[in-house]
Engineer: 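First the structure, which I've put down as structure tokens, then a few questions once you've had a look.
Keep in mind that this is a model prediction, so the values were computed, not measured. Here is the naming used below: chain letters follow the sequence lines, and residue numbers restart at 1 for every chain.
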2 protein chains.
Amino acid sequence: MASQSKVRYDSYIQENQLKSSKRRDLIFEHILQIQGHFTVDNIYQEISKIDRGIGIATIYRTVKLLVASGVLTEQTFGEKKGWFEIADQKLEHHDHMICTSCGKIIEFHNKVIESNTYQIAKTHRFIIYSHKLEIFGLCNTCQKQ
Amino acid sequence: MASQSKVRYDSYIQENQLKSSKRRDLIFEHILQIQGHFTVDNIYQEISKIDRGIGIATIYRTVKLLVASGVLTEQTFGEKKGWFEIADQKLEHHDHMICTSCGKIIEFHNKVIESNTYQIAKTHRFIIYSHKLEIFGLCNTCQKQ
DNA sequence: TTTAATTTTGATAATAATTATCATTATTAA
DNA sequence: TTAATAATGATAATTATTATCAAAATTAAA
């Protein structure tokens with residue numbers, strides 16, 4: 001259900017006494033359809049086709065709002081720009097394997113890594129807000145070429 | 001021993017038929033003294049005090065060379081700029097816990113996480129070049145405030 | 001040790017991603 | 001319908017980084 005994102009989006013707007021707007025709603029709806037990871041520019045290119053006059057600043061503002069409201073999470077994947085994706089719908093966290101040759105991103109989840117991550121934080125009396133494991137290397141397809 | 005870095009530095013220069021230079025050597029020697037993580041600007045500020053006329057472009061170039069030669073590794077720590085540190089001298093990889101309040105970086109190593117990382121890559125027939133686990137949150141000191 | 005080829009350098013322009021500014025437009029509650 | 005305030009697009013500003021280029025430094029050869 002996409003409704004978890006919707007609740008987060010609506011609540012955030014309500015709780016911060018923001019006003020609604022057609023363009024922000026359009027961006028939100030569009031992002032919900034996206035599978036996988038994307039950049040601000042990706043969305044800007046796509047939405048520009050539908051809504052001719054939209055400015056990139058609005059995309060930046062909306063994506064920032066969606067991160068603040070918990071709808072999206074941001075990563076850098078070692079690059080110096082933001083990559084976004086829909087926040088985990090379930091409670092299960094996932095990590096990423098990034099192919100440095102073709103850019104493919106493979107998601108995975110590992111319970112052992114997960115529990116050890118929490119364990120090590122506890123040892124250091126560290127409160128976890130978020131965590132990410134990134135593996136860079138060659139995917140199976142690229143190895144063959 | 002700092003000699004592992006020295007070997008890497010010298011070999012890289014030799015193998016790429018580069019010329020030696022006083023300023024590059026100065027930056028290299030200076031970086032070897034640094035404990036922990038730093039940015040290009042950190043080094044630029046410090047070296048400027050010793051060598052008045054050095055340009056920031058030379059720092060960028062040298063740091064890039066040091067990464068290419070394996071003396072340094074680069075991370076982003078979720079920010080959109082590069083953070084550097086001396087590459088692991090031992091074979092043991094380490095990860096980072098970053099306090100989002102004070103910026104403190106705690107290093108740690110966990111064998112179970114490590115082996116599971118390699119295991120999951122194997123499952124996906126993925127060849128690992130590098131990997132990094134970052135934990136963001138509140139350090140013990142900041143929790144008390 | 002002069003020369004010639006090549007690399008390194010600093011200054012600065014260019015680029016990329018993002019944020020800030022500001023006048024105009026849209027939304028909403030009264 | 002209006003008054004207050006938020007949202008928007010255009011664009012300037014900012015930050016981190018890379019590219020360009022003429023001058024200086026280095027090195028190998030004569």
Engineer: Does B:R8 reach the main-chain N or O of B:G70 with its side chain, forming a donor-acceptor pair under 3.5 Å?
Structural biologist: yes
Engineer: Tell me, please, which residues at least two apart from A:R24 pass salt bridge (charged side-chain N to carboxylate O under 4.0 Å, His left out).
Structural biologist: none
Engineer: For B:T39, give me all partners under side chain to side chain donor-acceptor pair (under 3.5 Å), at least two apart in sequence or on another chain.
Structural biologist: B:N42
Engineer: What pairs with B:E74 under salt bridge (charged side-chain N to carboxylate O under 4.0 Å, His left out), at least two apart in sequence or on another chain?
Structural biologist: A:K80
Engineer: Residues two or more places apart in sequence or in another chain: which of them pass side chain to side chain donor-acceptor pair (under 3.5 Å) with B:H96?
Structural biologist: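 Side chain to side chain donor-acceptor pair (under 3.5 Å) list for B:H96, sorted by chain: B:H37, B:E85, B:H94.
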Engineer: Partners of B:Q119 by side chain to side chain donor-acceptor pair (under 3.5 Å), sequence neighbours excluded?
Structural biologist: none
Engineer: Suppose we screen for ring-ring contact (aromatic ring centres under 6.0 Å, His included). Which residues come up paired with A:H109, at least two apart in sequence or across chains?
Structural biologist: none
Engineer: Does C:dT19 have its OP1 or OP2 closer than 4.0 Å to a side-chain nitrogen or oxygen of A:K64?
Structural biologist: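 So the side-chain polar atoms of A:K64 do come within 4.0 Å of the phosphate oxygens OP1 or OP2 of C:dT19, strictly under.
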Engineer: Over how many whole Å does the gap from B:Y60 atom OH to C:dT12 atom C1' extend?
Structural biologist: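 To the nearest whole Å, that distance equals 14 Å.
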Engineer: How does the hydrophobic cluster around A:W83 look, that is, which other residues are in it when side-chain heavy atoms under 4.5 Å mark a link?
Structural biologist: A:F77, A:I98, A:I105, A:F136
Engineer: For DNA chain D, which residues of residues 17-25 of chain B approach it to below 4.0 angstrom with any heavy atom?
Structural biologist: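 B:K19, B:S20, B:K22, in order of number.
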Engineer: Rounded to whole angstrom units, what separation is found between the CD1 atom of B:I59 and the C1' atom of C:dT8?
Structural biologist: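 That distance rounds to 13 Å.
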Engineer: If you group Ile, Leu, Val, Met, Phe, Trp and Tyr whenever their side-chain heavy atoms sit less than 4.5 Å apart, what else falls in with B:L138?
Structural biologist: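 Reading the cluster by chain and number, B:L138 sits alongside A:I127, A:Y129.
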Engineer: List, by chain and number, the other hydrophobic cluster members for B:I135, where Ile, Leu, Val, Met, Phe, Trp and Tyr join if side-chain heavy atoms come within less than 4.5 Å, directly or indirectly.
Structural biologist: A:M97, A:I106, A:F108, A:I113, A:Y118, A:I120, A:F126, A:I128, A:L133, A:I135, B:M97, B:I106, B:F108, B:I113, B:Y118, B:I120, B:F126, B:I128, B:L133
Engineer: Which ones in residues 48-55 of chain B lie close to DNA chain C, meaning a heavy atom under 4.0 Å from one of its atoms?
Structural biologist: B:G53, B:I54, B:G55
Engineer: For DNA chain D, what residues of residues 35-44 of chain B have any heavy atom nearer than 4.0 Å?
Structural biologist: none
Engineer: Return whichever of B:K80 or B:T62 has its heavy-atom-nearest nucleotide of DNA chain C closer to the 5' end.
Structural biologist: B:T62
